[in-house]
Amino acid sequence: MPRTKGDHEARRRDVSEAVWRVLAAQGFGGLTLRAVATELGATTGLLTHYFPAKRDLVAHALELLDQRTATRPRRAAGTGLAAVRAALLDILPLTAEATATNRIWVSSWDAALADPALSGEYALKYGRSRDRLRDLVATAQGLGELPPGDPARIAAGAQSFVLGLVVQALFAPEAFPPPRQTELLDDYLAALVHPRPESR
């Protein structure tokens, strides 16, 4: 019997799940057609129907990462400083799922840096994230919960802080368990709310 469209879509979902499991276990460094085929229990020949070249496989993996990041549960928060805090907490590896996703993101940086087109896409992704954070900061300033200042600059600093904390937590989870990550973020936010006077 010929395969139906439903069969094809189901097979593609199986392939995507296998790609994700390889990413979770080995990161982008271990993402190969052979590794995905082994995970799927199939031949590499079958996978070439979906991914004719390695770049096609990487592009699909990045698309999966985007989709999973966009659809993951987010903390409910109102407006103002609470919304800024929630957005930053959502980035940190505070759960097993968030840790796995962050490991995949960090492992993807090498692939993105090696490809000018992907580098440009990543620059846009992080730029959009800063823009969303900038808007939250501006709202908090309007409510009087953050002092005046350039919201884009504050957002860039906050994004840089949490991404640096992500890397430290991934490499040294014992030194940066979830409670400490949260404490460090709260310390950072407290310094934004009550900045030290400039030295003269």
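The residues of the chain are indexed from 1 along the displayed sequence.
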Candidate pair Glu17 and Leu40, rule side-chain contact (heavy atoms from CB on, under 4.5 Å), full reasoning: CA-CA 9 Å; Glu17 287 299 321; Leu40 189 61; over 6 Å; no

Show your working on side-chain contact (heavy atoms from CB on, under 4.5 Å) between Leu23 and Leu65 and close with a plain yes or no. CA-CA 9 Å; Leu23 287 175; Leu65 183 54; 5.6 Å; no

Would you sort out whether Phe171 and Val167 count as a side-chain contact (heavy atoms from CB on, under 4.5 Å), showing the intermediate values? CA-CA 6 Å; Phe171 280 111; Val167 172; 3.6 Å; yes

Derivation of the side-chain contact (heavy atoms from CB on, under 4.5 Å) call for Leu62 and Val58: CA-CA 6 Å; Leu62 291 172; Val58 171; 4.1 Å; yes

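Checked by atom type and distance alone, the side chain of Thr48 pairs as donor or acceptor with a backbone atom of Gly45 at under 3.5 Å. Proximity of a side-chain donor or acceptor of Lys54 to a complementary backbone N or O of Leu31 within less than 3.5 Å is detected. Listed for the Gln141 side chain is a donor-acceptor partner under 3.5 Å among the backbone atoms of Pro147. The backbone N or O of Ala175 lies less than 3.5 Å from a partner atom in the side chain of Arg180, making a donor-acceptor pair. Formation of a donor-acceptor pair under 3.5 Å by the Ser129 side chain with backbone atoms of Lys125 is not found in this model. Ser119 places a side-chain N or O within 3.5 Å of a backbone atom of Ala112 that can act as its donor or acceptor partner. Ser107 places a side-chain N or O within 3.5 Å of a backbone atom of Phe28 that can act as its donor or acceptor partner. Under the 3.5 Å distance criterion, the side-chain polar atoms of Asp56 are matched with a main-chain donor or acceptor of Ala53. Side-chain N or O atoms of Gln181 include one that pairs as donor or acceptor with a backbone N or O of Phe176 at under 3.5 Å. When atom types are taken as modelled, the side chain of Glu145 and the backbone of Leu81 share a donor-acceptor pair closer than 3.5 angstrom.
Applying the ring pair (Phe, Tyr, Trp, His ring centres under 6.0 Å) test to every pair with at least one member in residues 85-143, sequence neighbours left out, gives these pairs: Trp105-Tyr122. For residues 72-92, no residue pair satisfies the ring pair (Phe, Tyr, Trp, His ring centres under 6.0 Å) rule, not counting sequence neighbours.
Annotation: the span from Arg13 atom CZ to Arg11 atom CZ amounts to 12.0 Å, rounded to 0.5 Å. One finds the CG atom of Asp90 at 11.0 Å from the CZ atom of Arg85 (value rounded to the nearest 0.5 Å). In this structure, CG in Leu88 is found 10.0 Å from CG in Asp186, a value given to the nearest 0.5 Å. Taken to the nearest 0.5 Å, the CG atom of Leu47 stands 11.5 Å off from the CD atom of Glu39. Separation of atoms CG (Asp135) and OG1 (Thr79) is listed at 13.0 Å; rounding is to 0.5 Å. Atom-to-atom distance recorded for Leu136:CG and Leu146:CG is 10.5 Å, nearest 0.5 angstrom.
Between Gly78 and Ala83, the closest heavy-atom pair is O-CB, 3.4 Å. Considering every non-hydrogen atom in both Gly30 and Ala35, the closest pair reads O-CB, 3.5 Å. Minimum interatomic distance between Leu133 and Val84 (heavy atoms only, all atoms of both residues): CD1-CG1, 4.3 Å. Considering every non-hydrogen atom in both Val166 and Leu92, the closest pair reads CG2-CD2, 4.0 Å. Contact between Arg55 and Ala117 at its shortest, heavy atoms only, is NH2-CB, 3.8 Å. Taking each heavy atom of Val19 and Ala61 in turn, the nearest pair found is CG1-CB, 4.0 Å.
The cluster map of Ile, Leu, Val, Met, Phe, Trp and Tyr, joined by side-chain heavy atoms under 4.5 Å apart, puts Ile154 and Leu143 in different clusters. Under the 4.5 Å side-chain heavy-atom criterion for Ile, Leu, Val, Met, Phe, Trp and Tyr, Val36 and Leu46 are members of the same hydrophobic cluster.
In summary, Arg103 and Glu97 do not engage in a salt bridge, as defined by a charged side-chain N under 4.0 Å from a carboxylate O. With respect to the salt-bridge test (charged N to carboxylate O, under 4.0 angstrom), the residues Arg134 and Asp131 qualify.
Shown here is Arg21, whose CZ atom has more than 12 heavy atoms of other residues, nucleotides or ligands within 6.0 Å. By the 6.0 Å contact criterion, CG on Asp66 is enclosed, its count of non-hydrogen atoms from other residues, nucleotides or ligands being greater than 12.
In this structure, the side chains of Arg68 and Ile104 stay at 4.5 Å or more apart for every pair of heavy atoms.
In this structure, the ring-ring contact (aromatic ring centres under 6.0 Å, His included) partners of Phe51, at least two apart in sequence or on a different chain, are His60.
In this model, a donor atom of one side chain and an acceptor atom of the other lie less than 3.5 Å apart for Gln67 and Glu63.
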